[in-house]
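Below: the structure, in structure tokens.
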Amino acid sequence: MKHTINRTLYQYWDELRGSRIAPNRSEIDPGRIRTLLGDTFILEAVDKDTYRYRLAGTRLCSTHCRELKGRNFLRGWGEQDREAMATMLAAITEDAAAAVLGIDGHTERKHALKMEMLLLPLQVPGEGRSRILGACAYFERPYWLGLHPILNQSISSLRLIWPDERPHFLSHGNDVRSPVPALPRVGALPGHLGVGFQGSMISPAMLGAARQVRHLTVIDGGKS
């Protein structure tokens, strides 16, 4: 994670969850992250094609020149990126992954805004991990920001983080984690398709030994 906003939000989320795979939605205290609120949002998983904004910060809405609440998060992506994003969101809600993305926002005048996005799972009693806590922050503020809306977005980089060092579905239902660093290393998703474990780079030879587990491509191997 490069952006301070995302690092701070991740640390808050990680502290809040304790020994669980994700904190409850009701435990999020806006006062604890008040300096981040303008860039944060919460998504609701409705179905595989719909992740609705429940809340969206004022700075984020201003960047898009529109109110985001109620909109489908999957709108405004190209076909390939939308498919990659849907797969990633399923990994978050179903397998308790976290994700960090490099995002390019594009206007009708061909302006591009480079941003970094963080997505984290949240539990809702009786619904499972049906909410996602996120933040999206830009690195530099261009002169046109707030005047020309972001009409579509593209993915420049995408990484999954397994905060407990392995996907939840490989833990046989164990909801207790062993101690790990506050900011774990990040595994790569080359081509938006494969999933690597923390710190692992995926080579073509490794892809040949990959196996499909539910919606993810899993490559066995120890930590580097």
Is it true that [X] and [Y] fall in one hydrophobic cluster, defined by side-chain heavy atoms closer than 4.5 Å?
X	Y	answer
W144	L60	yes
Y143	L145	yes
I21	V124	no

Treating [X] as the side-chain partner and [Y] as the backbone partner, does any N or O pair qualify as donor plus acceptor under 3.5 Å?
X	Y	result
E67	K69	yes
R7	M1	yes
R20	P23	no
S62	T58	no
T40	L37	yes
H3	I5	yes
R17	L122	no
N72	D49	yes
S157	L101	no
N24	S26	no

Q) Just wondering, are more than 12 heavy atoms of other shown residues or ligands nearer than 6.0 Å to CZ in R52? A) no
Q.
Heavy-atom count check: over 12 atoms from other residues, nucleotides or ligands less than 6.0 Å from E79 CD?
A. no
Provide the closest heavy-atom pair for [X] versus [Y] in the form atom of the first, atom of the second, distance.
X	Y	value
Y12	E27	OH-O, 3.7 Å
R129	P121	CD-CB, 4.0 Å
L160	A91	CD1-CB, 4.1 Å
V100	I161	CG2-CD1, 3.7 Å
I155	D81	N-OD2, 2.9 Å
L89	L43	CD2-CD1, 4.5 Å

Are [X] and [Y] packed together at the side-chain level, in the sense that at least one heavy-atom pair is separated by less than 4.5 angstrom?
X	Y	value
H64	Q153	yes
T107	L151	no
R71	R66	yes

Return the [atom1] to [atom2] distance between [X] and [Y], rounded to the nearest 0.5 Å.
X	Y	atom1	atom2	answer
I92	M85	CD1	CE	9.0 Å
S130	R54	OG	CZ	8.5 Å
L133	I42	CG	CD1	5.5 Å

Q. Hey, are E116 and N6 close enough side-chain-wise for a donor-acceptor pair under 3.5 Å?
A. yes
Q: Assess whether side chain to side chain contact (heavy atoms under 4.5 Å, CB included) is satisfied between I132 and F73, documenting all intermediate values.
A: CA-CA 11 Å; I132 296 173; F73 177 80; over 6 Å; no
Q.
Quick one, L68 with F41, criterion side chain to side chain contact (heavy atoms under 4.5 Å, CB included). Give me CA distance, side-chain angles, the key distance, then yes/no.
A. CA-CA 9 Å; L68 295 176; F41 57 91; over 6 Å; no
Q) Hey, what's the ring geometry for H111 with H148, parallel, tilted or perpendicular (30° and 60° as the breaks)? A) tilted
Q. Do W77 and N152 pass the side chain to side chain contact (heavy atoms under 4.5 Å, CB included) test, and can you show the C-alpha distance, the side-chain angles, and the key distance before you say yes or no?
A. CA-CA 6 Å; W77 303 91; N152 54 76; over 6 Å; no
Q: Kindly determine whether D39 and T63 satisfy side chain to side chain contact (heavy atoms under 4.5 Å, CB included), including the steps that lead there.
A: CA-CA 10 Å; D39 302 288; T63 297; over 6 Å; no
(Q) Walk me through whether K48 and E94 qualify under salt bridge (charged side-chain N to carboxylate O under 4.0 Å, His left out). (A) CA-CA 11 Å; K48 66 182 182 65; E94 297 179 24; over 6 Å; no
(Q) Is there a salt bridge (charged side-chain N to carboxylate O under 4.0 Å, His left out) between R131 and E127? Walk through the geometry before answering. (A) CA-CA 9 Å; R131 300 290 189 276; E127 298 182 18; 3.3 Å; yes
(Q) Walk me through whether R32 and E15 qualify under salt bridge (charged side-chain N to carboxylate O under 4.0 Å, His left out). (A) CA-CA 12 Å; R32 290 280 307 277; E15 174 188 338; 3.5 Å; yes
